[in-house]
Q: 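Right, I'll just put the structure down here and ask away after.
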Amino acid sequence: MNRPHQRVALVTGAARGIGLEIAAELARSGMLVALADLGDSAAEAAQALQHSGFEVMSVTMDVTDEPSVAHAVATVTRRWAAPAVLVNNAGISRPAATLDTGLDDWNQVLAVNLTGPFLCSRACLPAMQDAGWGRVVMISSFNAKSAPVNGDNASYAASKAGLTGLIHNLAVEFGPSGITVNGIAPGIVDTALLRQAHTPERRAELVRRLPVGRFTTPAEIAATAAFLVSDGAASITGEIVNVNGGLYFD
Ligand SMILES: NC(=O)c1ccc[n+]([C@@H]2O[C@H](COP(=O)([O-])OP(=O)(O)OC[C@H]3O[C@@H](n4cnc5c(N)ncnc54)[C@H](O)[C@@H]3O)[C@@H](O)[C@H]2O)c1
């Protein structure tokens, strides 16, 4: 069995925000981490982590594009080894009232948030099966379970709810191979995506609703991801962990 310090992790959407924080946390835990994102957008973040002494690399990947996913996974595998850990983090949001949501936006959100995790999982799972060990973590959202905050993001809510089905199915399908598949449902995390989705006034109103009195930090999502990919979490699968400051309970 591979030892934790030798494990290779692939994190999608890792150029910034939550994905970057997860990549940094997994690197701190001793993993070899590939930061995947559009174009060369992850290169700068990877360089900064390398300067801090971590063994990381950046790869170009569009999670919606099958050849791009295959090429990125092959690049990582050639350099180190096949990813034993996959974090499907890349995501987009196109908030709009349902009647104002165009088909292009709907399709794009579904492509990045749902088809992307399918393509990346399908590309990485065979090697995990061969190794008899693997971890897949999907970054979902509170929108997958409940919409107490907004009713203006049907495409996003549908994509993340779809992810729930993917998580559950993969957990059953790949559990016998030593692979766990889990999700994290962040609450409201202060990142570029959030600032694009809500005005400052709306953000202040949202904070007032949170029992912990503040937004969740990317570091708190990263800490949860690091736990879910650890050996200690081997019996947790098919779970979607709320990290939401008490936004809602289930
Ligand atoms: N910020 C929040 O409050 C919040 C809450 C719940 C869930 N989430 C989820 O967390 C994840 C990360 O969100 P964030 O807030 O860090 O967003 P972000 O916009 O800061 O970062 C998302 C990253 O994904 C990349 N990306 C977009 N499309 C891609 C594609 N086709 N292929 C590869 N990479 C692509 C972007 O380039 C970007 O670097 C998303 O899945 C999001 O839905 C965020």
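None of these values were measured; they are calculated from a predicted model. The first residue in the sequence is number 1, and the count goes up from there. Atoms within a ligand are numbered from 1 in the order they appear, just like the ligands themselves.
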Q: Which protein non-hydrogen atom lies closest to atom 2 (C) of ligand 1, naming both residue and atom, and how far is it?
A: Val189 O, 3.4 Å

Q: Identify the closest protein heavy atom to atom 1 (N) of ligand 1: which residue and atom is it, and at what distance?
A: Thr191 OG1, 2.9 Å

Q: Run the salt-bridge test on Glu220 and Arg214 with the 4.0 Å N-O cut-off and return the result as yes or no.
A: yes

Q: Can any side-chain N or O of Ser159 pair as donor or acceptor with the backbone N or O of Asn113 at less than 3.5 Å?
A: no

Q: Using a strict cut-off of 4.0 Å, indicate which atoms of ligand 1 neighbour a heavy atom of Lys160.
A: 40 (C), 41 (O), 42 (C), 43 (O)

Q: Could you give me the CA-CA distance, side-chain angles and deciding distance for Asn244 and Phe215, then say whether side-chain contact (heavy atoms from CB on, under 4.5 Å) is met?
A: CA-CA 8 Å; Asn244 67 14; Phe215 290 135; over 6 Å; no

Q: Of the listed options (Asn89, Thr216, Leu194), which comes nearest to atom 41 (O) of ligand 1 when hydrogens are ignored and any heavy atom counts?
A: Asn89

Q: Which ligand 1 atoms, with their elements, are less than 4.0 angstrom from a heavy-atom of Ile92?
A: 27 (C), 28 (N)

Q: Could you tell me whether some N/O pair between Tyr156 and ligand 1 is separated by less than 3.5 angstrom?
A: yes

Q: Identify the protein heavy atom lying closest to atom 18 (P) of ligand 1, giving its residue, its atom name and the separation to 0.1 Å.
A: Arg16 NE, 3.4 Å

Q: Please report, to 0.1 Å, the donor-acceptor pairs under 3.5 Å made by any side chain of residues 115-123, with sequence neighbours excluded.
A:
residue: Ser121; atom: OG; partner: Asn88; partner atom: ND2; Å: 3.3
residue: Ser121; atom: OG; partner: Pro117; partner atom: O; Å: 2.6
residue: Arg122; atom: NH2; partner: Glu66; partner atom: OE2; Å: 2.4

Q: Mind checking whether Asp62 contacts ligand 1 via backbone (N, CA, C, O), side chain (CB onward), both or neither, at a 4.0 Å heavy-atom cut-off?
A: both

Q: In this structure, does ligand 1 have an atom that sits under 4.0 Å from one of the heavy atoms of Thr12?
A: no

Q: Which atoms from ligand 1 have a heavy atom of Met61 less than 4.0 Å away?
A: 32 (N), 33 (C)

Q: With the threshold set at 4.0 Å, does a side-chain nitrogen-carboxylate oxygen contact exist between Arg94 and Asp104?
A: no

Q: Quick test of your reading of the model: are Arg16 and Asp37 salt-bridged, counting only N-O distances below 4.0 Å?
A: no

Q: Which ligand 1 atoms does Gly187 reach within 4.0 Å, using its non-hydrogen atoms?
A: 3 (O), 5 (C), 6 (C)

Q: Identify the closest protein heavy atom to atom 39 (O) of ligand 1: which residue and atom is it, and at what distance?
A: Asp37 OD2, 2.6 Å

Q: Has Phe142 got any heavy atom lying under 4.0 angstrom from an atom of ligand 1?
A: no

Q: Looking only at the side chains, is there a donor atom on one of Asn143 and Asn153 sitting less than 3.5 Å from an acceptor on the other?
A: no

Q: With a cut-off of 4.0 Å, which atoms of ligand 1 are near a heavy atom of Ile188?
A: 3 (O)

Q: So, the side chain of Ser68 versus the backbone of Thr64: is there a donor-acceptor pair under 3.5 Å, distance only?
A: no

Q: Tell me which protein heavy atom sits closest to atom 30 (C) of ligand 1, plus the residue, atom name and distance to 0.1 Å.
A: Leu38 CD2, 3.5 Å

Q: Going by the atom numbers of ligand 1, which of them fall below 4.0 Å from some non-hydrogen atom of Val112?
A: 28 (N), 31 (N)

Q: Do any pairs count as a salt bridge (charged side-chain N to carboxylate O under 4.0 Å, His left out) and have a residue in residues 156-174, sequence neighbours left out, and if so which ones?
A: none

Q: Give the residue and atom name of whichever protein heavy atom lies nearest to atom 22 (C) of ligand 1, and the separation in Å to one decimal.
A: Gly91 O, 3.9 Å

Q: Taking only heavy atoms of Gly17, which atoms of ligand 1 are found under 4.0 Å from at least one of them?
A: 16 (O)

Q: Any link between Val109 and Leu38 through a network of hydrophobic side chains (Ile, Leu, Val, Met, Phe, Trp, Tyr) touching at under 4.5 Å?
A: no

Q: Between Glu205 and Arg208 (salt bridge meaning N to carboxylate O under 4.0 Å), is one present in this structure?
A: no

Q: Can you tell me if Asn89 uses its side chain to pair, donor with acceptor, with the backbone of Ile18 under 3.5 Å?
A: no

Q: Any side-chain to backbone donor/acceptor pair from Thr98 onto Ala154? Under 3.5 Å, distance only.
A: no

Q: At a 4.0 Å threshold, what atoms of ligand 1 neighbour a non-hydrogen atom of Ile139?
A: 9 (C), 10 (O), 11 (C), 41 (O)

Q: At what distance is the nearest protein heavy atom to atom 7 (C) of ligand 1, and which residue and atom is it?
A: Ser140 O, 3.1 Å

Q: Of the protein's non-hydrogen atoms, which lies at the shortest distance from atom 44 (C) of ligand 1, and what is that distance?
A: Ile18 CD1, 3.7 Å

